[in-house]
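What follows is a set of notes on a single structure, which appears directly below.
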Amino acid sequence: MKYNPLGNTGVLVSEICLGTMTFGGNGYWKAMGELQQNAVNDILKTAVDNGVNFIDTANVYSFGESERLLGQSMKSLGLTRSELIIATKVRGRMGEGKNQVGLGRLQIMQQLEDSLKRLQMDHVDLYQIHGFDPITPLEETMRGLEDVVRSGKVRYIGCSNLAAWQVMKANGIAEKNGWTKFVSTQNYYSIAGRDLENELVPMVQDQQMGILPWSPLAGGFLSGKYTRNNQPEGDSRRLNFDFPPVNQERAYDIIDVMETIAEAHGVSVARIALAWVLAKPGVTSMIIGAKNTDQLMDNIKAVDLSLTMEQLEQLDEVSATTKPYPQWMIQRQSSDRLGTYNFSPNQPAAATTSK
Ligand SMILES: NC(=O)c1ccc[n+]([C@@H]2O[C@H](COP(=O)([O-])OP(=O)(O)OC[C@H]3O[C@@H](n4cnc5c(N)ncnc54)[C@H](OP(=O)(O)O)[C@@H]3O)[C@@H](O)[C@H]2O)c1
């Protein structure tokens, strides 16, 4: 297992982060998984035994049950709290009440207390906002987060599912006031979903933040069990729940290429999809999901898989999408500053690739 700094901090996290969205199964979360205590213990023990020191949960996963199962599992297994980096989140709806959702100071304070109780902990290491709250001023959110850091109940803060301009605005507000800034951003990133490469990846690299990709298998779609001619049987999540949304025709083209590469390495298609994410710039720790220890081990082993340059290029090519504006114009204009264009009065600077 490799360990990377969590953004611009002195904390090392494993490049695999254990996701816990399969724990619990309350309400509509059942579609993600229904693992109960014994199964959770097996998953957590297997992850930790294989070098994982980073675990991601959220208040909203199974409406608190994921946090509760995780906290209990750490106790039952006798794991040392200080050796694990525990991340949770706030923003999602936790009940019918008008204020049981959002990122106001009130919600941040209350939800953190509730999360700590369920986790049986006195602090979380990374407290993340789970998305944008369109009615709470960012100043209020950042001040609320500063206060929970100062209280000693949170070590670092991160964000998830924000646009790049929102992250920059939030961190700008924090910096202006001497408050704590986001160190990481958690986003959907898979070989079938590369949108964040346009704005978020360059921002993260510029700001020395960490990227924590979620759903690197697009919820299982990229595991190899879904092909043009075959759909899995049983309760596989994507059979009933289209999340994250995937352009299936494009994804099948990608899966075709991954199948050939997987055969060459004698590994699963899932491992190819995960190794591709791990090879991408800016990725600090990839958050994996698993319903059992076989899936978990398959996924963890992606850290030992080295794709050749040629294979990475093949995968990049089949999964490339057309750059939106202004990215294609930025690329085109940059070519005469980055040495990829030799001046000719008859030849304008042009993008080196159209993808
Ligand atoms: N911040 C956010 O908004 C956000 C959103 C989503 C997720 N997350 C985080 O990211 C974590 C991972 O997300 P995810 O569960 O969607 O990840 P994922 O890796 O894309 O999908 C996991 C699912 O794929 C299937 N699978 C996993 N490994 C497999 C393998 N080796 N072979 C065959 N099938 C396999 C399993 O479902 P089936 O067996 O049912 O097919 C499993 O539950 C979550 O637990 C959560 O911590 C965050």
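In listed order, ligands and their atoms are each counted from 1. Sequential numbering from 1 along the given sequence is applied to the chain's residues. Note that these values count all heavy atoms, side chains included, but never hydrogens, waters or copies made by symmetry.
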Which label fits Y189 and W276: parallel for a plane angle under 30°, tilted from 30 to 60°, or perpendicular past 60°?
perpendicular
Salt-bridged, D256 to R228, with N to O below 4.0 Å?
yes
Who are the residue neighbours of ligand 1 when the rule is a heavy atom under 4.0 Å from any of its atoms?
G19, T20, M21, T22, D56, Y61, K89, H130, S160, N161, Q186, W214, S215, P216, L217, A218, G219, G220, S223, K225, D235, S236, R237, A270, I287, I288, G289, K291, Q295, D298, N299
Answer yes or no: is there a donor N or O on one side and an acceptor on the other, between the side chain of D125 and the main chain of I86, under 3.5 Å?
yes
Nearest 0.5 angstrom please: I287 CD1 to F54 CZ, how far?
6.5 Å
Could I get the full list of salt bridge (charged side-chain N to carboxylate O under 4.0 Å, His left out) partners for E83, not counting sequence neighbours?
none
Centres of the F243 and W29 rings: under 6.0 Å?
no
